[in-house]
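In what follows, a structure is listed as structure tokens, so that the remarks can point back to it.
For ligands, and for the atoms within them, numbers begin at 1 and follow the listed sequence.
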Amino acid sequence: MVDVKSICCIGAGYVGGPTCAVIAYKCHDIKVTIVDLNQARIDAWNSDKLPIYEPGLEEVVFDRRGKNLFFTTDVDAAILEADLIFVSVNTPTKKTGMGAGMAADLAYIEGATRRIAEIATSSKIVVEKSTVPCRTAESMRTILEANSTGSIHFDILSNPEFLAEGTAIKDLLNPDRVLIGALQTPTGLSAQQSLANVYKHWVPEDRVITTNLWSSELSKLAANALLAQRISSINALSAICEATGADVDEVAYACGRDSRLGSKFLKASVGFGGSCFQKDILNLVYLSTQLNLPEVADYWHQVVLMNEYQKKRFVRKIISTLFNTITNKRIAVLGFAFKKDTGDTRESAAITLIKDFIQENAHVAIYDPKVEPEQIYMDLMEPGVVDTRKQVEKSISICGDAYEACKGADAVVIVTEWDEFKSDQLDYQRIYDNMHKPAFLFDGRLLLDAAQIREIGFKVHIIGKNELAGTA
Ligand code: UDX
Ligand code: UDX
């Protein structure tokens with residue numbers, strides 16, 4: 001069995017960066033080199049301002065950088081030196097060609113695999129860390145084997161990442177489980193043990209689960225689909241709550257107290273976002289279709305459709321409440337990230353909402369504590385549209401704080417559940433005083449105490465709550 005002393009991670013993103021930084025933090029005897037093709041990203045990892053915001057990440061990186069943790073664009077040197085290589089490049093949903101809009105684009109995975117095959121002069125354990133469709137490891141193995149010569153041997157493992165952004169470091173330091181899939185061959189099992197031993201530096205043995213390759217790959221897609229399904233389920237119920245007078249928080253609490261259901265991931269919202277849920281479910285849908293299981297595909301697809309419905313429903317509610325038009329009205333949007341404690345905006349509900357507001361000719365004032373203005377422009381621009389940047393600039397202002405965004409607004413819309421937007425953190429009286437009247441407030445995150453906010457004078461709508469409930 002290989003005693004891993006040197007690890008290379010290809011892809012210095014949200015997954016590869018934090019994961020391998022924590023390995024370096026917990027395993028001082030292992031040299032960890034994180035590589036990326038993107039020079040700017042590597043420069044940022046080597047600077048005082050890391051390229052991603054994640055609570056606790058700075059402490060971990062600053063503690064080990066230059067000791068046993070390195071960031072570089074010299075991919076080949078890192079591959080040559082490593083016993084074990086994590087492939088952690090992105091796998092976006094395909095935009096064109098076969099499976100467009102559903103299947104994962106594996107071009108980066110294939111590129112990284114080919115590079116490993118080309119460069120390696122000794123045997124390697126290659127670990128698929130990116131979330132991929134089932135059986136991707138098989139393709140990687142074929143590429144590696146076709147290119148390996150003589151005594152060089154490659155073992156492939158699947159080791160999906162379950163960290164959630166915003167709590168990545170906590171999740172990595174204290175994972176519910178670490179999953180390692182391997183081919184059930186003597187060398188496959190031995191490679192599996194080598195990687196398990198890395199994690200055993202800090203993860204209790206009973207939390208390291210070993211399975212075959214396909215179970216591991218499918219478990220990652222399945223876990224995300226099951227989590228997202230819970231949110232779509234509670235969001236579907238939120239529509240019923242609004243129509244009846246049931247309160248979605250009360251329903252979630254009452255249901256979540258059943259230990260078979262549990263309380264987590266039952267928070268109704270304006271819709272889930274993030275780089276994984278939609279992409280992974282669509283992957284599962286595509287897989288089901290390819291396996292000629294259309295009913296299964298439809299079943300999972302509904303989770304995504306419900307998420308789209310929830311966003312559209314919220315927009316419709318806002319427009320109808322504002323007397324059926326938001327043309328030339330100022331809408332303040334609080335939060336742009338897909339959830340709190342991250343600067344990541346991938347698939348954020350804010351993007352869908354704001355694009356709709358712009359289509360309705362509203363002026364949108366945006367504030368988010370962590371998202372860079374440039375990112376907001378990029379997310380709102382429509383590819384292929386002439387002067388799209390100019391149009392976006394005309395339709396939005398990016399503000400330095402919540403008060404500035406809400407000043408002169410007709411409506412405030414809470415899209416991300418940042419703690420600083422809570423009623424005891426933000427002075428809602430001050431916001432109210434500076435708004436157009438009637439002043440509307442739409443809470444897409446069930447963050448506020450409606451009674452308290454109504455007391456100030458706001459007209460309030462909270463997802464999953466009926467304004468008139470309890471008063472009839
Ligand atoms: C991504 C996917 O979203 C996730 O599903 C998968 O499990 C892992 O990859 P993330 O780390 O969040 O997760 O992506 P991203 O932040 O885009 O990082 C990927 C990095 O790989 C980028 O920095 C990119 O520059 C780099 N990359 C990509 C390479 O170094 N080489 C390549 O060939 C392609
Ligand atoms: C998710 C999985 O949790 C993680 O295990 C996997 O590795 C990657 O995908 P992430 O996307 O970072 O992690 O965040 P998560 O906390 O799962 O939230 C996803 C979205 O769901 C966010 O937009 C969040 O606001 C929303 N959400 C979450 C709800 O609307 N309600 C909830 O109860 C929980």
Would you call R346 a ligand 1 contact, heavy-atom distance under 4.0 Å? yes
Tell me whether S275 reaches ligand 1 (any heavy atom closer than 4.0 angstrom to a ligand atom). yes
Taking the non-hydrogen atoms of K264, is any one of them nearer than 4.0 angstrom to ligand 2? no
Polar side-chain atom of [X] near backbone of [Y] as donor-acceptor pair, under 3.5 Å:
X: N159; Y: L179; value: yes
X: Y428; Y: F421; value: yes
X: Q192; Y: T211; value: yes
X: S130; Y: V132; value: no
X: S348; Y: F336; value: yes
X: W300; Y: L284; value: no
X: D443; Y: L448; value: yes

Tell me whether the NZ or CZ atom of K317 lies within the 45° cone about the ring axis of F442 and under 6.0 Å from its centre. no
Please confirm whether K124 makes a cation-pi placement over F154, using NZ or CZ under 6.0 Å from the six-membered ring centre and within 45° of the ring normal. no
Would you check whether [X] has a nitrogen or oxygen atom less than 3.5 angstrom from a nitrogen or oxygen atom of ligand 1?
X: Y14; answer: yes
X: V35; answer: no
X: I10; answer: no
X: V89; answer: yes
X: D36; answer: yes

Just jot down the ligand 2 atoms closer than 4.0 angstrom to any heavy atom of [X], in number order.
X: K220; result: 7 (O)
X: S269; result: 29 (C), 30 (O)
X: C276; result: 8 (C), 9 (O)
X: E161; result: 7 (O)
X: G273; result: 19 (C), 20 (C), 22 (C), 23 (O)
X: R445; result: 23 (O), 24 (C), 25 (O), 30 (O)

Check: T73/Q39 side-chain N/O donor and acceptor closer than 3.5 Å: yes
Under 3.5 Å side-chain donor-acceptor pair for Q310 and S238: yes
So which protein heavy atom does [atom] come closest to, and at what separation?
atom: atom 1 (C) of ligand 1; answer: N90 CA, 3.7 Å
atom: atom 32 (C) of ligand 1; answer: L37 CD1, 3.5 Å
atom: atom 13 (O) of ligand 1; answer: V15 CG2, 3.5 Å
atom: atom 34 (C) of ligand 1; answer: Y108 CG, 3.5 Å

Is it the side chain (CB and beyond), the backbone, both or neither of I234 that lies under 4.0 Å from ligand 2, heavy atoms counted? neither
For atom OH of Y199, is the number of surrounding heavy atoms from other residues, nucleotides or ligands below 6.0 Å larger than 12? yes
Could you check whether [X] pairs with [Y] (Lys NZ or Arg NE/NH1/NH2 to Asp/Glu carboxylate O, under 4.0 Å)?
X: E54; Y: K370; answer: no
X: K94; Y: D105; answer: no
X: K200; Y: E205; answer: yes

Is any side-chain heavy atom of E420 less than 4.5 Å from a side-chain heavy atom of L426? no
If you take the nearest heavy atom of each of F162, F272, F265, which one is closest to atom 17 (O) of ligand 2? F265
Answer with side chain, backbone, both or neither: which part of K279 has a heavy atom less than 4.0 angstrom from an atom of ligand 1? side chain
Please state which part of S130 comes within less than 4.0 Å of ligand 1, counting heavy atoms only: side chain, backbone, both or neither. both
Using a strict cut-off of 4.0 Å, indicate which atoms of ligand 1 neighbour a heavy atom of [X].
X: N38; result: 25 (O)
X: T131; result: 5 (O), 6 (C), 7 (O)
X: G11; result: 20 (C), 21 (O), 26 (C)

For the 3.5 Å polar cut-off, considering only N or O atoms, please tell me whether F277 and ligand 2 meet it. no
If you measure every N/O of F338 against every N/O of ligand 2, is any gap under 3.5 Å? yes
